[in-house]
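Chain letters run A, B, ... following the sequence lines, proteins first, then strands; residues in each count from 1.
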Amino acid sequence: MELDLLGERRRTHHCGELRKAHAGQKVFLAGWVARRRDLGNLIFLDLRDHTGVVQVVLNAEGSPEAHAKAEQVRSEFVVGVEGEVVPRTAGTVNPQIPTGEVEVNGQTLLVLNEAKTPPFPIEDETRTVEETRLRYRYLDLRRSRMQQNIRLRDRSNQTVRQHMAGHQFIEIETPFMTRSTPEGARDYLVPSRVRQGQFYALPQSPQLFKQLLMMAGFDRYFQIVRCFRDEDLRADRQPEFTQIDVEMAFPLRDELFEIIEQLMEKLLALVEVKAPRPFPRISYGDAMEKYGSDKPDLRFGLEWRRLELPDGKLNAVKGFQAAKALRVPGASTKISRSQFDRYQEILRQQGASNAAYLTLSEAGIQSRMKNALGDDGLQAIAAAVGAESGDLVILVGADSTARDKVHSLDEASGWLRLELARKLELIEPGLWSFAWIVDFPMFAYDPKEKRFAAMHHPFTSPREEDLAKLESDPANVKALAYDLVLNGQEIGGGSIRMHRRDIQQRVFKVLGLSDEKARERFGFFMDALEYGAPPHGGIALGVDRIVALLAGESSIREVIAFPKTASAVDLMCEAPSPVDANQLWELGLVHHYEAEHCDCGGLWVFEYEDVDRAPSVGAPPEVSCPVTHDRIARPYSRRWGAKHRATGSHGWAMVREFS
RNA sequence: GGGGACGUAGUUCAGCUGGUUAGAACGCAUGCCUGUCACGCAUGAGGCCGCGGGUUCGAGUCCCGUCGUCCCCGCCA
């Protein structure tokens with residue numbers, strides 16, 4: 001159909017803002033057709049923009065031209081409407097939409113663009129599978145729910161900038177093309193063309209840069225910054241994600257906490273929510289003991305307690321050498337035996353060795369442990385957790401008191417705590433519960449690699465009082481690290497850093513990083529520590545997770561405009577994708593080749609298995625066809641590469657080793 | 001890398017113990033309709049049952065493989 005031009009027309013209003021007060025005004029609106037209701041000589045259009053929907057009436061009598069055009073219009077057409085706002089008559093008011101008391105009497109209709117029928121309806125309540133939504137993300141984002149989410153994210157960012165600026169933090173950009181770091185997650189790599197065989201890494205976080213900014217005297221820095229990690233995805237994990245990165249020199253931990261708590265208060269206010277302040281502080285040890293998690297959900301009770309009976313009877317039972325108990329008030333009849341058997345199975349998988357339960361009633365305490373412990377044993381357990389008639393008491397145990405066994409036991413107990421909260425519906429909606437988790441261990445022992453790894457990251461300072469045992473007893477050194485937890489989700493973490501080179505060097509040593517290795521990887525950073533590094537520390541907050549919580553979404557994909565799937569694929573633009581052969585050659589990523597005639601008549605170039613036959617980097621290889629053994633007269637060139645794209649079933653073989 | 005769920009019309013789904021021509025709703029198309037707002041009514045089009053193999057007289061249905069999406073473990077702050 002013939003399209004109209006917008007010309008010099010400007011919108012006078014947005015669709016969603018029209019009210020009774022606008023009655024009588026002549027307006028020009030523009031937007032998408034959400035719905036058309038054609039009654040013959042009378043056509044209604046629901047016109048939508050990001051502010052909402054308003055009803056436009058086209059009457060064949062009053063404005064025959066506009067009405068005729070409206071007959072051609074379909075869903076998602078882009079139209080402009082000139083007309084008059086009129087109040088609706090008594091019986092025709094629509095109380096379901098904010099603009100329902102008025103409608104626009106359309107006098108002129110401009111069809112600015114046509115639209116194919118969308119693959120799914122552009123409605124708030126979509127049950128369309130995420131795959132389709134992601135493939136047509138630009139349509140998905142038209143839905144008002146997504147509009148609200150993305151706009152909430154914007155307001156969150158604005159709040160952050162305003163708040164941080166108010167506390168004299170300045171925003172400084174740090175590089176995306178940087179150096180690979182050994183600790184932590186896998187890096188995304190960017191090959192260098194000018195220095196073949198060498199790579200930039202996308203930052204997992206701007207950690208070193210923000211510390212260097214402190215050394216540079218910038219005092220208070222923040223940045224809303226993209227970070228990259230090449231690890232497997234989850235509902236709350238994307239390969240690229242956004243952090244509010246914060247660092248300050250001469251830090252007082254409590255001052256930083258105060259600034260962040262105020263910020264969180266302002267962010268919650270965006271969705272009209274309040275959380276009690278100050279946020280409770282829980283040591284890592286307590287969190288693991290009581291909640292079985294370093295990110296405890298404090299919206300409900302249920303606290304585990306370590307259990308040791310004075311007579312040692314319990315610890316004599318197989319699988320209860322280390323034991324904890326949990327009182328579940330009023331739940332004595334709520335968990336069936338078969339239900340508990342299922343729990344027990346999962347607890348075992350998670351590393352607990354045994355589990356049992358006690359039910360308390362007027363009739364006394366029932367448990368399969370009765371034979372082993374006797375009535376007084378059961379009484380002692382009930383007393384230890386303060387259980388009363390009607391309560392359920394759950395025991396979990398490990399078959400040794402070794403650190404890693406107890407740790408697994410703690411994690412299993414944490415799983416059960418969350419499971420019980422779900423099952424018994426203990427989480428009251430509308431509750432928001434923050435906590436600071438503090439006093440993390442400095443190191444975590446990695447039994448596979450047989451070495452200590454930094455629990456937070458290798459630049460975290462140990463507590464001063466633990467410095468003496470850094471080498472002698474690393475497992476018991478606590479770090480000046482902290483996490484911020486909201487409703488059982490980790491939304492941020494940080495630490496006071498080391499600003500002294502001698503201590504940094506000692507920590508590297510514990511981590512098994514030799515002087516040479518450390519120098520090779522962080523030489524510049526070690527140097528910087530020697531030129532007057534101030535005490536400093538900071539935190540990084542997860543924007544995606546925070547906004548998802550604010551928006552009430554369970555996946556961070558719902559608050560990211562263009563997210564990736566669980567296999568790190570962008571379904572819309574189909575990234576990652578194969579690249580032109582000449583791009584690979586230019587980057588020095590393909591070192592040795594074999595050539596083969598393809599069905600298409602083109603030439604496919606493959607990796608040699610025999611590395612000795614590989615041409616050296618920098619010189620285009622001469623290739624021959626393995627079928628005919630004819631030498632290709634012309635050496636491989638960029639022009640050829642461009643001609644024979646590296647797509648199709650053959651794909652490309654990449655070289656893993658570099659000479 | 002491992003485990004689980006799912007994959008049928010544009011969309012959301014049904015399809016029994018394998019049985020002959022694969023259904024529904026919404027959407028879409030055409031026509032009628034001046035107060036609809038999830039408009040209504042009538043008619044109609046629309047399917048590589050994800051893909052490949054196997055079992056069988058016969059496969060949407062059973063088996064094996066594979067691809068994709070989601071969730072979880074590992075991994076990751």
So, Gln223(A) and Tyr221(A): side-chain donor and acceptor under 3.5 Å apart, yes or no?
yes
Taking atom types as modelled, is there a side-chain donor on Asp286(A) or Tyr291(A) under 3.5 Å from an acceptor on the other?
no
Using the test ring-ring contact (aromatic ring centres under 6.0 Å, His included), find all partners of [X] that sit at least two apart in sequence or belong to another chain.
{"X": "Tyr188(A)", "result": "none"}
{"X": "His67(A)", "result": "none"}
{"X": "Tyr284(A)", "result": "Phe440(A)"}
{"X": "Phe241(A)", "result": "none"}

To the nearest Å, how far apart are [X] [atom1] and [N] [atom2]?
{"X": "Asp232(A)", "N": "C75(B)", "atom1": "CG", "atom2": "P", "result": "11 Å"}
{"X": "Glu103(A)", "N": "G35(B)", "atom1": "CD", "atom2": "C1'", "result": "8 Å"}
{"X": "His67(A)", "N": "U36(B)", "atom1": "NE2", "atom2": "C1'", "result": "13 Å"}
{"X": "Arg37(A)", "N": "C26(B)", "atom1": "CZ", "atom2": "P", "result": "17 Å"}

Yes or no on side-chain contact (heavy atoms from CB on, under 4.5 Å) for Leu139(A) and Phe120(A), after CA distance, side-chain angles and deciding distance?
CA-CA 9 Å; Leu139(A) 296 180; Phe120(A) 52 88; 4.0 Å; yes
Partners of Arg281(A) by side chain to side chain contact (heavy atoms under 4.5 Å, CB included), sequence neighbours excluded?
Arg253(A), Asp254(A), Phe257(A), Trp436(A)
Partners meeting side chain to side chain contact (heavy atoms under 4.5 Å, CB included) with Pro280(A) (sequence neighbours left out):
Leu298(A), Ala435(A)
Please confirm whether the shortest side-chain N or O distance from [X] to OP1 or OP2 of [N] is below 4.0 Å.
{"X": "Arg237(A)", "N": "A77(B)", "result": "no"}
{"X": "Gln204(A)", "N": "C76(B)", "result": "no"}
{"X": "Ser567(A)", "N": "U69(B)", "result": "yes"}

Side-chain donor-acceptor distances from residues 475-487 of chain A under 3.5 Å, at least two apart:
from: Asn476(A); atom 1: OD1; to: Arg403(A); atom 2: NH2; distance (Å): 3.0
from: Asn476(A); atom 1: ND2; to: Asp473(A); atom 2: OD1; distance (Å): 3.4
from: Asn476(A); atom 1: ND2; to: Asp473(A); atom 2: OD2; distance (Å): 3.0
from: Tyr482(A); atom 1: OH; to: Ser495(A); atom 2: N; distance (Å): 3.4
from: Tyr482(A); atom 1: OH; to: Ser495(A); atom 2: O; distance (Å): 3.3
from: Tyr482(A); atom 1: OH; to: Gly538(A); atom 2: O; distance (Å): 2.8
from: Asn487(A); atom 1: OD1; to: Ser433(A); atom 2: N; distance (Å): 2.8

All N/O pairs under 3.5 Å across the protein-nucleotides 11-13 of chain B interface:
from: U11(B); atom 1: O4'; to: Pro119(A); atom 2: O; distance (Å): 3.3
from: U12(B); atom 1: OP1; to: Val129(A); atom 2: N; distance (Å): 2.6

Counting side-chain heavy atoms from C-beta on, which of [options] comes nearest to [X]?
{"X": "Gln96(A)", "options": "A38(B), G74(B), C37(B)", "answer": "A38(B)"}
{"X": "Thr565(A)", "options": "C76(B), C72(B), C70(B)", "answer": "C70(B)"}
{"X": "Gln243(A)", "options": "A77(B), C70(B), G35(B)", "answer": "A77(B)"}
{"X": "Arg186(A)", "options": "G68(B), U36(B), C75(B)", "answer": "C75(B)"}

Looking at residues 53-62 of chain A, who's got a heavy atom less than 4.0 Å off RNA chain B?
Gln55(A), Asn59(A), Glu61(A)
Looking at RNA chain B, which of residues 538-563 of chain A put a heavy atom within less than 4.0 Å of it?
Arg557(A)
Reckon [X] touches a base, only the sugar-phosphate, or nothing at all at heavy-atom distances under 4.0 Å?
{"X": "Gln350(A)", "result": "nothing"}
{"X": "Asp294(A)", "result": "base"}
{"X": "Arg35(A)", "result": "sugar-phosphate"}

Could you pull out the protein-nucleic contacts involving nucleotides 29-32 of chain B (nitrogen or oxygen on both sides, under 3.5 Å)?
from: A29(B); atom 1: OP1; to: Arg74(A); atom 2: NE; distance (Å): 2.8
from: U30(B); atom 1: OP2; to: Arg74(A); atom 2: NH2; distance (Å): 3.1

So, Lys20(A) and Glu101(A), do they make that salt bridge, N to O below 4.0 Å?
yes
Taking the side chain as everything from C-beta on, heavy atoms only, tell me whether Lys210(A) gets closer than 4.5 Å to Arg497(A).
yes
Excluding sequence neighbours, so at least two apart, what forms side chain to side chain donor-acceptor pair (under 3.5 Å) with Asp439(A)?
none
Sorted by position of nearest nucleotide on RNA chain B, 5' first, the leading residue of Glu490(A) and Arg135(A) is Arg135(A)
Are there more than 12 heavy atoms of other residues, nucleotides or ligands under 6.0 Å from atom CD of Glu17(A)?
yes
Who pairs with C33(B) - Watson-Crick or G-U, where each distance is under 3.5 Å
none
Under the criterion salt bridge (Lys or Arg N to Asp or Glu O under 4.0 Å), which of Arg153(A), Arg545(A), Arg145(A) is the partner of Glu553(A)?
Arg145(A)
